[in-house]
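For reference, the structure is listed below as structure tokens.
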Amino acid sequence: ILFIFVKNYRQSENIPPSHFFKYKISDFMDLNISTPGLIFPSISFLLIAYSNRFLAIAQLIRDLKNKFSEKKETILIKQIKNLRYRLKLIRWMQGVAVFGMLLALLSIMTLYLEYMSLGNIFFILSAISVTTSLSIALVEIMFSGRALDLDLEDIQDHLKEKKKYL
């Protein structure tokens, strides 16, 4: 969206491409104080979703710990390693999202104090933080699929062993 805006701005002002980068960020973006506030609801929903994932994984880890204390299977070790990595990713997702919220708050404060360029920079960094958080969430979702693959592999191994005895 930003690229389309910049392209349209350049065309409307008849700015040659060679002179385009001589302008400041504030020449392209005109934020008012409520624009960064639009990020707050999305970050709040992200944090709720991330916390739910965190709690679900914490419960899985507790269950796996009990199973592992009963019988030490290699599949449980693989699942525990997977969950440990996913837990680390979720903590990063939460941290980056909170950082994005702080940047959005700084953007609002600097726009209120009429430091428009600084407010624009904080807003862009906030949007980048939220995007980074969502990217980490995508990686975590892929690892969650890997955990299911481990369960399916274990089921297949048990079925193969059963066929040997039949």
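Just so you know, these numbers come straight off a predicted model, no measurement behind them. Hydrogens, waters and symmetry mates play no part in the numbers below; they use all other heavy atoms, side chains included.
At a threshold of 4.5 Å between side-chain heavy atoms, the hydrophobic network of Ile, Leu, Val, Met, Phe, Trp and Tyr places Leu113 and Leu125 in one connected group. In the hydrophobic clustering of ILVMFWY residues, with side-chain heavy atoms under 4.5 Å counting as a link, Tyr85 and Ile141 come out apart. Taken together through direct or relayed side-chain contacts under 4.5 Å among Ile, Leu, Val, Met, Phe, Trp and Tyr, Phe45 and Val130 form parts of separate hydrophobic clusters. Residues Ile80 and Phe143 share a single hydrophobic cluster, defined by chaining ILVMFWY side chains whose heavy atoms lie under 4.5 Å apart. Neither Leu87 nor Ile48 shares a network with the other; the hydrophobic side chains, linked directly or stepwise wherever heavy atoms of I, L, V, M, F, W or Y lie under 4.5 Å apart, form separate groups for each.
Across all non-hydrogen atoms, the minimal contact from Thr110 to Ser107 is OG1-O, 3.0 Å. Scanning all heavy atoms of the two residues, the minimum distance from Ser42 to Ile39 falls at OG-O, 2.7 Å.
The closest side-chain heavy-atom distance from Arg91 to Phe54 is below 4.5 Å. Using a 4.5 Å cut-off on side-chain heavy atoms (C-beta onward), Ile136 and Thr132 make contact. Put simply, the side chain of Met101 does not reach to within 4.5 Å of the side chain of Ser129, judged on heavy atoms.
Listed for the Ser126 side chain is a donor-acceptor partner under 3.5 Å among the backbone atoms of Gly100.
To the nearest 0.5 Å, the span separating CD1 on Ile128 from CZ on Phe123 amounts to 10.5 Å. In this structure, the separation between CG on Leu106 and CZ on Phe122 is 4.5 Å, given to the nearest 0.5 Å. To the nearest 0.5 angstrom, Ile124 atom CD1 is 11.5 Å from Leu103 atom CG. Distance CD1/Ile61 to CG/Leu64: 8.0 Å, rounded to 0.5 Å. Rounding to the nearest 0.5 Å gives a distance of 13.5 Å between NZ of Lys88 and CD1 of Ile57. In this structure, OH in Tyr112 is found 9.0 Å from CD in Glu114, a value given to the nearest 0.5 Å.
Sequence neighbours left out, the pairs with a member in residues 134-145 that pass side chain to side chain donor-acceptor pair (under 3.5 Å) are Arg53-Glu140, Arg86-Glu140.
Residues forming a side chain to side chain donor-acceptor pair (under 3.5 Å) with Ser133 (at least two apart in sequence, or on another chain): Tyr50. Take Gln59 and apply the side chain to side chain donor-acceptor pair (under 3.5 Å) test, not counting sequence neighbours, and it matches Asp63.
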